[in-house]
**Student:** 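Take a look at the following structure, please.
Residue numbers begin at 1 in each chain, while the letters A, B, ... track the order of the sequences. Nothing here was measured: the structure is a model prediction, and the numbers come from that model.
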2 protein chains.
Amino acid sequence: MSNNAIARNYAVSRVQSKCTTCSLRELCLPVGLDERETEILGELIDHKFRIRRGEHLLHTGLGFKSLYTVRNGFFKSYVLDSDGCQQVTGFYMTGELLGLDAISSEKHTCDTVALEDSEVCEVPFAKLEEISRDIPLLMHHFHKIMSREIVQDHNIMMLLGSRKAEERLAAFLLNLSERFAKRGYSSTNFILRMTREEIGSYLGLKLETVSRSLSRLQEEGVIAINNKHVRLNDIQRLSRKLYSSSDR
Amino acid sequence: MSNNAIARNYAVSRVQSKCTTCSLRELCLPVGLDERETEILGELIDHKFRIRRGEHLLHTGLGFKSLYTVRNGFFKSYVLDSDGCQQVTGFYMTGELLGLDAISSEKHTCDTVALEDSEVCEVPFAKLEEISRDIPLLMHHFHKIMSREIVQDHNIMMLLGSRKAEERLAAFLLNLSERFAKRGYSSTNFILRMTREEIGSYLGLKLETVSRSLSRLQEEGVIAINNKHVRLNDIQRLSRKLYSSSDR
DNA sequence: CGCTCGGTTGACCCGTTTCAAGTAACGTGG
DNA sequence: CCACGTTACTTGAAACGGGTCAACCGAGCG
């Protein structure tokens, strides 16, 4: 099994590599790879980091070497513009890939901070490109991941550009819901790891507006919200919130 | 020169491939490639399309086969959401790559339409991935292009999320200015290919607000605008517009 | 136990949207 | 080439959504 060209080139170790046993295989980079390919990928992920809540994983301006996959936990990325105004560009959960923005300039363009105690796997980018030459599926999947990021950003642009506060919140909650569901958590009952201010920053709203919109959704009975804990009572009705705006 | 492994594999034709003589080499996909590599890339770009102003190059939902590079002309991409509201997601000019959003789902997620008579080169994506296995520089450059798209989207998100109308316009004009400059056109004197409505859609504003903001910038003497023709009189002052907002 | 930080709610204000009217540019067909 | 209709653009006045400021509450942490 290890007796083939690829295995020789990459000197697959006998110790079980981390990826092969990782429960995230199907969410993360190794999607669709076979055992051997996964093992090769696992070889390259040499470091696993533990990041405590509030600590930074990445800083703007930092030289780019690696991508990071969230092994567990929760992150936010944000950009600080010239006058110190912070804008959250994304929230990242288990299996998602951090640092894609840095490939173009070879410097990170966001700060990334853990919103709860978390672990990440470091993926040295040069090595990733190298082995993806031999594992076309990996290369293709990586392209899909980057493309997905672009699509997601377009969706956010859509929200920011033409949706009212309540619609943005609805979209935000539904997006979280889906992502939790995909990870085997409840799609209707979850904890918001971020503050109202961070939600607002992501959605282009002030924290007071976030608070008010959530309150209104609760009054309407569509959601129940208690501090950080949310329950989606009526996903149907929540979804309908998205379809009711003016043109722009 | 054609007598090597790569050339044999890809049967480089003797006819000069389009990329090698293309003036866009350094803006487009072949950045940094040597003659032979460029020729191989050129081999794969088998079709060149002419798109008339107002015609669509891509439709949402269309199956994904190829990327397209703008050879000359000007495009906009937009998404139509559920209730028919149109949001422009980007403007594309010479040398820029269209269709990256479609890689993830294998369907196009935007409509793309020419804002003036244009030409594009079709880049079959499967072939691009294939040859990028043999041309690591091409693969890497492609990753940079995707990453750049992500960074750009983050910048737009920033604008949409926390900037006032006039600041958005200033950022928009400066961005166009830079891109024109990079293509050898005047950075202070150019034609807006898009309507006020399209600018507004891109920037999350109504066309009237775009018009008013442009008028104000003109009153201040920072720009001169006459219909579609813009002149940036004071880039310094225009840049300073970006640094003066509240937090969010 | 008290302090701090995050969250909620109210009142007021401001910027952008909306609605409307009028003008300028453009493309088409005669 | 001109006349026409259409589309794009500008500008004003009024309405409204979200921002701002401020007070208060509640949870979590040291």
**Student:** So, for B:F74 and B:Y92, is the gap between ring centers shorter than 6.0 Å?
**Tutor:** no
**Student:** Regarding B:S77 and B:T112, do their side chains bring together a donor and an acceptor under 3.5 Å, going by distance alone?
**Tutor:** yes
**Student:** Which residue pairs pass the side-chain hydrogen bond (donor to acceptor under 3.5 Å, both in side chains) test when at least one of the two sits in residues 209-224 of chain B, sequence neighbours left out?
**Tutor:** B:E166-B:R216, B:E220-B:K241
**Student:** Nearest to the side chain of B:K164 - C:dT16, D:dT20, C:dT8?
**Tutor:** C:dT16
**Student:** At what angle, to 10 degrees, do the two end axes of the helix from C:dC1-D:dG30 to C:dG30-D:dC1 meet, given five pairs define each axis?
**Tutor:** 50°
**Student:** Checking side-chain polar atoms at under 3.5 Å, does A:S201 have a donor or acceptor matched by the opposite partner on A:Q87?
**Tutor:** no
**Student:** NA contact type, B:T209, heavy-atom cut-off 4.0 Å: base, sugar-phosphate, or nothing?
**Tutor:** base
**Student:** Please write out each protein N/O paired with an N/O of nucleotides 22-25 of chain C under 3.5 Å, distance rounded to 0.1 Å.
**Tutor:**
{"from": "C:dA25", "atom 1": "O3'", "to": "B:N227", "atom 2": "ND2", "distance (Å)": "3.3"}

**Student:** Quick one: are the ring centres of B:Y185 and B:F190 less than 6.0 Å apart?
**Tutor:** no
**Student:** Could you pull out the closest heavy-atom pair between B:A102 and B:H108, with the gap in Å?
**Tutor:** CB-ND1, 3.4 Å
**Student:** Which nucleotide sits closest to the side chain of A:R212: C:dT9, C:dT17, D:dC9?
**Tutor:** C:dT9
**Student:** Would you mind classifying the nucleic acid contact of B:R53 as base, sugar-phosphate or nothing, using non-hydrogen atoms under 4.0 angstrom?
**Tutor:** sugar-phosphate
